[in-house]
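Submitted below is the structure of interest, expressed as structure tokens.
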Amino acid sequence: MLLSSLPPSHHIAMPFLRVLAGAVIGFCVGLTSIGGGLLVIPFLTVGLGLPPTIAVGTASLYTFLTKIFATFRHARLGNFDRQVFLIFCLGSVPGTFLGSTLVSEYAADARSQFMLRWLTIAVMVGSLIVAMLNISGSKPSVTSDVDDDDGDANGDEGGHSLQWSHGWKRRLIGCALAFGIGLIVGATAVGAGVISIPTMISLFQLSAREAVGTSTSVGLVLTLISSIVYSKTQLLDLNTALLMAVGSLVGVFFGSRAAAQFCDRTLRKIVVGIISLSIMLMLVSRK
């Protein structure tokens with residue numbers, strides 16, 4: 001039964017159910033490090049019966065709130081690459097603004113709602129493929145044909161400017177890919193982590209920890225932008241996002257502790273299972 005179809009006498013339990021859902025999703029995020037959007041969107045559309053556009057706006061705000069603490073934590077631990085962060089922001093910020101603006105502009109169109117739902121499912125399927133490749137150990141790299149001889153060409157010998165360690169071709173490719181990622185995140189609230197992390201690792205040779213930390217920081221910026229855009233057109237449920245974010249604080253804590261009990265390969269399989277379940281829930285949704 002959809003939570004939105006409960007009789008009025010049961011509505012008093014709705015805040016608790018939202019907090020509980022946030023705790024469960026937070027536990028999965030803490031356990032696997034996958035983005036909240038992959039899990040929140042199915043709950044909002046299937047569980048609460050929200051239209052796809054409002055679900056995307058609400059998921060964006062929820063994801064922003066949950067990334068605040070994680071971003072500062074990664075920064076303190078040194079899991080952050082400033083150059084890659086700037087490159088990704090340069091490309092993804094305009095992409096996110098464009099994606100969220102387009103969805104907001106055509107939110108009332110039934111055809112747009114239909115297309116947004118299937119676009120979200122397509123992004124989830126792409127995320128599933130990436131997760132399955134991680135299990136198989138396949139790590140495609142796009143760096144072999146990129147010349148980095150000019151890596152410090154824009155550096156300042158005085159040490160007061162950012163010393164670029166990545167060549168202009170690599171930076172240009174990164175910006176282009178980031179624009180596409182930002183466009184997807186702005187339109188669907190999915191993909192900030194599961195798409196950008198493999199890109200950062202393969203293109204810029206970041207370690208897994210650096211990629212996760214940098215991706216989290218980029219995701220914080222992108223979800224803030226999309227949340228602002230969706231809030232201006234009232235395409236988000238503020239109460240739901242806040243209540244779920246409160247629940248996620250507890251869930252992430254216990255999920256992170258539980259992750260230590262599993263090996264990396266087992267966690268990757270859990271990720272595949274969670275994404276597969278999310279896709280199935282989206283497919284059965286009638287919204």
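In this chain, numbering begins with 1 at the start of the sequence shown.
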Check your understanding: Under the 3.5 angstrom rule, does the side chain of T66 hit a backbone N or O of T63 as a donor-acceptor pair?
Key ->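 Looks like yes, one N/O pair under 3.5 Å.
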Practice item. Taking all heavy atoms of G174 and all of F204, pick out the closest pair and write down the distance. Key: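 That would be CA-CZ, 4.0 Å.
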**Study point:** Sequence neighbours excluded - side-chain hydrogen bond (donor to acceptor under 3.5 Å, both in side chains) pairs with any residue from residues 221-232
**Key:** S60-S226
Exercise for review: For P42 and T45, work out which heavy atoms get closest and say how close.
Suggested key: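 It is O-OG1, 3.3 Å.
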Per-pair distances, 0.1 Å, donor-acceptor, side chain in residues 242-254, under 3.5 Å, sequence neighbours excluded:
unit_1	atom_1	unit_2	atom_2	d
S248	OG	A245	O	2.7

Review point. Does the side chain of L236 come within less than 4.5 Å of I54's, by heavy atoms?
Key: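 No, every pair of side-chain atoms sits at 4.5 Å or beyond.
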Practice item. Look at the side-chain heavy atoms of Ile, Leu, Val, Met, Phe, Trp and Tyr, link any pair under 4.5 Å apart, and say whether Y62 and V19 land in one connected group. Key: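 The answer is no; the residues belong to distinct hydrophobic clusters.
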Study note, to complete from the structure: Rounded to the nearest 0.5 angstrom, the CG-OG distance for L183 and S100 is 9.0 Å
**Study point:** Closest heavy-atom pair and its distance - A59, V40
**Key:** CB-CG1, 3.9 Å
**Study point:** I197 CD1 to S215 OG distance, which is reported to the nearest 0.5 Å
**Key:**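 Reported to 0.5 Å precision, the distance equals 4.5 Å.
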Review point. Does V185 share a hydrophobic cluster with L86, counting links as ILVMFWY side-chain heavy atoms below 4.5 Å and allowing steps through other members?
Key: yes
Check your understanding: If you round to the nearest 0.5 Å, how far is OG1 of T71 from CG of N79?
Key ->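 One finds 11.5 Å between CG of N79 and OG1 of T71.
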Point to revise | Student check: side-chain heavy atoms of L39 and S278 closer than 4.5 Å | key: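 Yes, close enough: below the 4.5 Å cut-off.
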Check your understanding: If you round to the nearest 0.5 Å, how far is CD1 of I279 from CE of M124?
Key ->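 So the gap between those two atoms works out to 7.0 Å.
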Check your understanding: Checking T233 side chain against S104 main chain: does a donor-acceptor pair fall under 3.5 Å?
Key -> no
Practice item. Answer yes or no: is there a side-chain heavy-atom contact under 4.5 Å between M200 and V218? Key: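 A side-chain contact exists here, since the closest heavy-atom pair is under 4.5 Å.
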**Study point:** Atom pair CD1/CG of I87 and L177 - distance to nearest 0.5 Å
**Key:** 11.0 Å
Revision key, fill the gap. For T214 and V84, the nearest pair of non-hydrogen atoms, with its separation, is CG2-CG1, 4.1 Å
**Study point:** Heavy-atom closest pair, residues F88 and S196
**Key:**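 Looks like CE2-CB, 3.9 Å.
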Check your understanding: Any side-chain heavy-atom pair from L48 and R18 closer than 4.5 angstrom?
Key ->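 Side chain of L48 against side chain of R18, heavy atoms only: contact under 4.5 Å found.
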Point to revise | Pairing residues for F85 by the ring pair (Phe, Tyr, Trp, His ring centres under 6.0 Å) criterion, not counting sequence neighbours | key: F80
Exercise for review: Find the distance between OG (S217) and CG (L222) and round it off to the nearest 0.5 Å.
Suggested key: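 Result: 10.5 Å between the selected atoms.
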Check your understanding: What about L17 and I25, same hydrophobic cluster or not, with Ile/Leu/Val/Met/Phe/Trp/Tyr joined at side-chain heavy-atom distances under 4.5 Å?
Key ->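 In one cluster with L17: I25, yes.
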Exercise for review: Could you state whether L90 and L172 fall into the same hydrophobic cluster, counting links through intermediate Ile, Leu, Val, Met, Phe, Trp or Tyr residues with side-chain heavy atoms under 4.5 angstrom apart?
Suggested key: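 Different hydrophobic clusters.
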Check your understanding: Would you say Q261's side chain and A258's backbone share a donor-acceptor pair under 3.5 angstrom?
Key -> no
Review point. Is the backbone N or O of L203 less than 3.5 Å from a side-chain atom of R170, with the two atoms forming a donor-acceptor pair by type?
Key: yes
Exercise for review: For the residue pair F179 and I184, establish whether any side-chain heavy-atom pair is separated by less than 4.5 Å.
Suggested key: no
Exercise for review: Please name the pair of heavy atoms, one in A241 and one in L61, separated by the smallest distance, quoted to 0.1 Å.
Suggested key: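 Minimum heavy-atom separation between A241 and L61: CB-CD2, 3.7 Å.
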